[in-house]
Amino acid sequence: MTTDRPVSRAAVFWSFAAIYVIWGSTYLGIRVVVTSVPPLLGSGTRFLLAGSLLLGWTRWKRIPAPTARQWAYAFLLGALFFLMGNGAISWAETRIPAGLTALLAATSPLFTAVLESGRAGGRRPPLRVLVGILLGLGGVTLLVAPGDFIGGRHADLLGAAAITLGALGWATGSVISHARPLARSPQLATALTMLAGGTLMVASGLLAGEATAFAMSALTPKVIFAWCYLIVFGSLIGFSAFVYLLRVSTPQKVSTSAFVNPLVAVLLGWAILGESVTARTALAGAVILGGVLLIRLGKPTQPKLEDGEAPQPAGRRLP
């Protein structure tokens, strides 16, 4: 999707740096927060605060107020991106290390390939995509298969299942929002999605009884710093950079963050939290990332047009 303003190379560079490095580091931040704060309440409150700040900025800049239709659409995207996506990952990190979580979450492009194939009328994906999907699933199987293998134990099955569900939610949200953006302003779209998702996460956390498991005395300086880091860098900067890049770049290029995030998360988890990196984890990670790389290789193909059918324009209708 193109923009009316000239694209700043510096803005694109720093936005890619944000989704590469910052998003990789957020797995570490989430791991620290969930040691003391219930996962849905911890993540939901940060998205509510970040979304409120960004929505206030859009009103200050006199960006038109959101419509009821946009709010309804925001709750759909918020449920997919945050309640199902981030919520599942946050819960899983109460059971699985940050680096391993990032590796399992890197399977999201596998689901995206399948969903995009179905959206294109059921066309069979290219052979390299099919091989990439099989490799990715094989890497996940290697991580969760019972028993010890080359010096490493299998990942927690419930945690791995939650991350897989979260990856599916993120992929579904990506396909839907790419086909139909929430708002013309990327800042407004980001704010509404975070507010809707944060509301759903907090409500779900309260219904699940997370409030009874939380104590203010558990908020150590380390936890508070990690929570604030996630608000500023993970939500306000990272997610805003993601939305901006979808406007000025291509989804294929933006998705290359799936190659870098796990590497950053594994390295930081090992260096800061002392998480172990076994040969089993390294091999499974290489297999998963190899599958994602195969899926993203090559140029995207345009769907075959029927006689007399005009190609779709680059722009997309906005609600």
Side-chain angles (χ1 to χ4, degrees), residues 1 15 18-19 23 26-27 30 39-40 43-44 46-48 50-51 54 66 69-92 101-102 104-120 136 161-204 230 234-236 238-247 249-258 261 292 295-296 300 316-319:
M1 185 174 182
S15 294
I19 66 170
W23 268 8
T26 56
Y27 290 95
I30 293 172
L40 292 178
S43 292
R46 75 174 171 100
F47 287 124
L48 278 177
L54 194 54
R69 183 181 178 186
Q70 287 175 318
W71 273 115
Y73 189 35
F75 271 93
L76 171 62
L77 296 180
L80 292 169
F81 280 127
F82 297 121
L83 179 60
M84 186 175 175
N86 187 274
I89 286 177
S90 297
W91 180 84
T101 298
L104 288 167
T107 57
S108 181
L110 310 182
F111 294 112
T112 302
V114 174
L115 293 171
E116 286 180 339
S117 174
R119 185 171 169 269
I163 296 170
T164 303
L165 180 65
L168 175 60
W170 190 272
T172 305
S174 298
V175 171
I176 293 175
S177 62
H178 178 65
R180 186 182 180 187
L182 172 59
R184 191 173 301 277
S185 164
Q187 293 82 13
L188 180 61
T190 303
L192 295 184
T193 306
M194 288 196 294
L195 278 171
T199 300
L200 292 172
M201 294 179 80
V202 169
S204 298
L230 290 171
S235 300
L236 289 174
F239 197 70
S240 296
F242 171 74
V243 173
Y244 168 75
L245 287 173
L246 286 179
R247 302 291 177 122
S249 186
T250 65
Q252 290 78 15
K253 290 181 179 179
V254 176
S255 68
T256 55
S257 62
N261 288 168
V292 173
I295 290 175
R296 292 307 178 190
R316 288 160 284 175
R317 182 179 299 174
L318 298 172

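Just so you know, residue 1 is the first one in the sequence shown, and it goes up from there. Only this structure's heavy atoms are used, side chains among them; waters, hydrogens and symmetry mates stay out.
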[X] versus [Y]: any side-chain heavy-atom pair under 4.5 Å?
X	Y	answer
Pro66	Leu188	yes
Gln187	Ser240	no
Val202	Leu40	no
Trp170	Phe111	no

What is the minimum heavy-atom distance between [X] and [Y], and which atoms define it?
X	Y	value
Ala196	Ala74	CB-O, 3.4 Å
Ala183	Gln70	CB-NE2, 3.6 Å
Ala167	Ser108	O-OG, 3.4 Å
Trp23	Gly234	NE1-O, 3.3 Å

How many angstroms lie between atom [atom1] of [X] and atom [atom2] of [Y], to the nearest 0.5 angstrom?
X	Y	atom1	atom2	result
Met194	Thr199	CE	OG1	12.0 Å
Tyr73	Thr193	OH	OG1	8.5 Å
Leu195	Trp71	CG	CH2	5.0 Å
Leu182	Arg69	CG	CZ	11.0 Å
Thr172	Leu76	OG1	CG	10.0 Å

- Message: Between Tyr244 and Phe239 (side chain of the first, backbone of the second, donor and acceptor by atom type, cut-off under 3.5 Å), is there such a pair?
- Response: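 Not confirmed, Tyr244 side chain does not pair with Phe239 backbone.
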- Main-chain N/O of Ile19 paired with Asn261 side-chain donor or acceptor, under 3.5 Å: yes
With a cut-off of 3.5 Å and sequence neighbours excluded, list every side-chain donor-acceptor pair involving residues 80-92.
unit_1: Asn86; atom_1: OD1; unit_2: Ser43; atom_2: OG; d: 3.2
unit_1: Asn86; atom_1: OD1; unit_2: Ser90; atom_2: OG; d: 3.2
unit_1: Ser90; atom_1: OG; unit_2: Ser43; atom_2: OG; d: 2.8
unit_1: Ser90; atom_1: OG; unit_2: Asn86; atom_2: O; d: 2.9

